[in-house]
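Notes follow the structure.
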Amino acid sequence: MQIPQLITERSPFVSLEFFPPKKQEEWPGFLEVAQELKQLQPLFASVTYGAGGSTQSNTLEICEQLIATCGFEIMPHLTGVAADKDKIDGFLGAIKAMGISNVLALRGDRPAGFTGTDAELFSTFPHASNLVAYIHDHHPQLAIGVAGFPEAHAEAPSFAADLAVMQRKVECGADFIITQLYFDNRVYFDYVERLRAQGVSVPVVPGILPIRSLASLRFVLEMCNARVPGRLINSLMKAHEQGGASAVYEIGVAHARAQVKELLDGGAPGVHLYTLNKADMCLAVMDGLL
Ligand code: FAD
């Protein structure tokens, strides 16, 4: 079923993001994690595409496995990186054959080590909005999600320009937005308010990353430009000095729980958890909140 319709029927909700494990031998363990997370009754689960070196076929196979083993409503991600229309049609044909009704349409990023030009890499779909328009026109049975950046995308010249980009994505056919991770809910509520003021009325689902360790936080911050509030950094550092890794973990759970609770109390339609393919923290964060 299409996600906007599911949101209308069941809000508030939790949804989950997974990435395809690189090695086939990791897949059974991954599927066990997904099965453990079934108890959260996620509204949908999304599977990344091309991020961290994963391939298109990995995304498709993991989608298929998640449907078969967990029965999740699945939303694959899809980027326009080095893609022509045939490649996009092939991917969308494959997901439709699996009974999938949703896709997250992204521009994507330069793969590490790619030495060509942006013009070569994004020749057919220079922006996510081009991919959204193509899917909307040629695959109208799919609901289309897009990425939103409450703290503005790193390449955007200004916040206003990034809001205009989002307006364009919705005009081209985007049905809902999933946000980049962030750690201060004020940026989400402010973002939604500014989108609504621009006439963007589609659901905006906040993306939440529970902080597992200082190392994982560092890794994530290298990939996105989320700001970490000073008070949170202080608590994490203090916890690390006094109680080590387990104390940092506890702060991570407590912060994400507080974020989720405030979001749901404040009217967010649901929360999208960046699982990093682990179950324990997601279960601890959501315990009793829905
Ligand atoms: P766009 O919307 O095209 O925006 C990219 C930049 O271009 C922005 O700065 C925007 O302001 C600017 N821009 C857009 N349109 C125009 C225009 N017409 N004129 C001028 N400037 C413009 N990456 C992956 O590789 N695989 C994934 O599975 C994946 N999943 C993601 C899931 C979520 C929820 C999020 C938030 C991000 C994900 N990403 C993924 C990362 C994403 O691909 C990158 O953030 C990428 O840099 C931008 O993608 P986009 O779809 O936002 O692009």
Side-chain angles (χ1 to χ4, degrees), residues 3 15-22 44-60 62-63 74-83 88 91 95 102-114 118-119 121-135 144-182 187-188 191 194-195 198 200 202-209 220-226 270-277:
I3 287 169
S15 56
L16 305 171
E17 180 171 309
F18 297 109
F19 60 88
K22 274 191 195 153
F44 64 92
S46 81
V47 181
T48 64
Y49 176 99
S54 68
T55 64
Q56 167 178 335
S57 63
N58 275 352
T59 299
L60 290 174
I62 284 293
C63 286
I74 289 290
M75 176 177 70
H77 300 193
L78 175 63
T79 74
V81 174
I88 297 298
F91 184 88
I95 67 168
N102 303 280
V103 67
L104 189 74
L106 303 143
R107 183 199 67 179
D109 287 315
R110 287 175 77 82
F114 179 78
D118 276 3
L121 203 57
F122 303 111
S123 58
T124 311
F125 303 104
H127 306 295
S129 53
N130 304 106
L131 184 58
V132 171
Y134 183 77
I135 298 172
I144 306 169
V146 288
F149 298 85
E151 296 178 284
H153 184 266
E155 295 162 30
S158 67
F159 196 67
D162 215 33
L163 286 172
V165 162
M166 183 52 76
Q167 202 171 1
R168 175 94 191 110
K169 291 201 246 194
V170 172
E171 281 163 8
C172 287
D175 298 297
F176 59 99
I177 299 165
I178 299 187
T179 79
Q180 181 59 282
L181 61 93
Y182 63 88
V187 303
Y188 168 81
Y191 182 57
R194 292 175 79 167
L195 285 172
Q198 302 235 152
V200 173
V202 300
V204 184
V205 184
I208 299 297
L209 174 84
V220 164
L221 293 181
E222 267 169 32
M223 296 195 299
C224 73
N225 62 337
V271 289
H272 187 67
L273 294 185
Y274 292 100
T275 69
L276 303 183
N277 291 358

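Both ligands and their constituent atoms are indexed starting at 1 by order of listing. When reading the values below, keep in mind they use all heavy atoms of this one structure, side chains included, and skip hydrogens, waters and symmetry mates.
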At less than 4.0 angstrom from any non-hydrogen atom of [X], what atoms of ligand 1 do you find?
X: Gln180; answer: 36 (C)
X: Thr48; answer: 28 (O)
X: Leu104; answer: 32 (C)
X: Asp109; answer: 44 (C), 46 (C), 47 (O)
X: Gly108; answer: 43 (O), 46 (C), 47 (O), 49 (O)
X: Val165; answer: 2 (O), 10 (C), 11 (O), 13 (N), 14 (C), 15 (N), 16 (C), 22 (C)
X: Thr79; answer: 24 (C), 25 (O), 26 (N)
X: Ala128; answer: 1 (P), 2 (O), 3 (O), 51 (O), 53 (O)

Query raised in the report: At what distance, to the nearest 0.5 angstrom, does CG of Asn225 lie from OH of Tyr182?
Result: 14.5 Å
**Report entry** Non-hydrogen side-chain atoms of Met166 and Leu195 separated by less than 4.5 Å
**Finding:** yes
Look at [atom] and find which of [options] reaches it with the closest heavy atom.
atom: atom 21 (N) of ligand 1; options: His153, His127, Met166; result: His127
atom: atom 2 (O) of ligand 1; options: Met223, Lys169, His272; result: Lys169
atom: atom 24 (C) of ligand 1; options: Tyr49, Tyr274, Phe125, Phe159; result: Tyr49
atom: atom 49 (O) of ligand 1; options: Arg107, His77, Glu17; result: Arg107

Query raised in the report: Is the closest heavy-atom distance from Phe149 to ligand 1 below 4.0 Å?
Result: yes
Query raised in the report: How far apart are the closest heavy atoms of Pro20 and Ile62, and which atoms are they?
Result: CB-CG1, 3.8 Å
Query raised in the report: Between Leu106 and ligand 1, does any nitrogen or oxygen pair lie at a separation below 3.5 Å?
Result: no
Please report, to 0.1 Å, the donor-acceptor pairs under 3.5 Å made by any side chain of residues 127-135, with sequence neighbours excluded.
| residue | atom | partner | partner atom | Å |
| --- | --- | --- | --- | --- |
| Asn130 | OD1 | His127 | N | 2.8 |
| Tyr134 | OH | Asp89 | OD1 | 2.9 |
| Tyr134 | OH | Asp89 | OD2 | 2.9 |

Requested in this report: Please list, chain by chain and in numerical order, all residues satisfying ring pair (Phe, Tyr, Trp, His ring centres under 6.0 Å) with Phe91, sequence neighbours excluded.
Outcome: Tyr49
Query raised in the report: Is the NZ or CZ atom of Arg107 positioned over Phe122's six-membered ring, under 6.0 angstrom from the centre and within 45° of the axis?
Result: yes
Report task. Examine the side chains of Ser15 and His272 and answer whether a donor and an acceptor come within less than 3.5 Å of each other. Result -> yes
Query raised in the report: Going by atom types only, do Ser46 and His77 share a side-chain donor-acceptor pair under 3.5 Å?
Result: yes
Query raised in the report: Is the backbone of Cys172 close enough, under 3.5 Å, to the side chain of Arg168 for a donor and an acceptor to pair up by distance?
Result: no
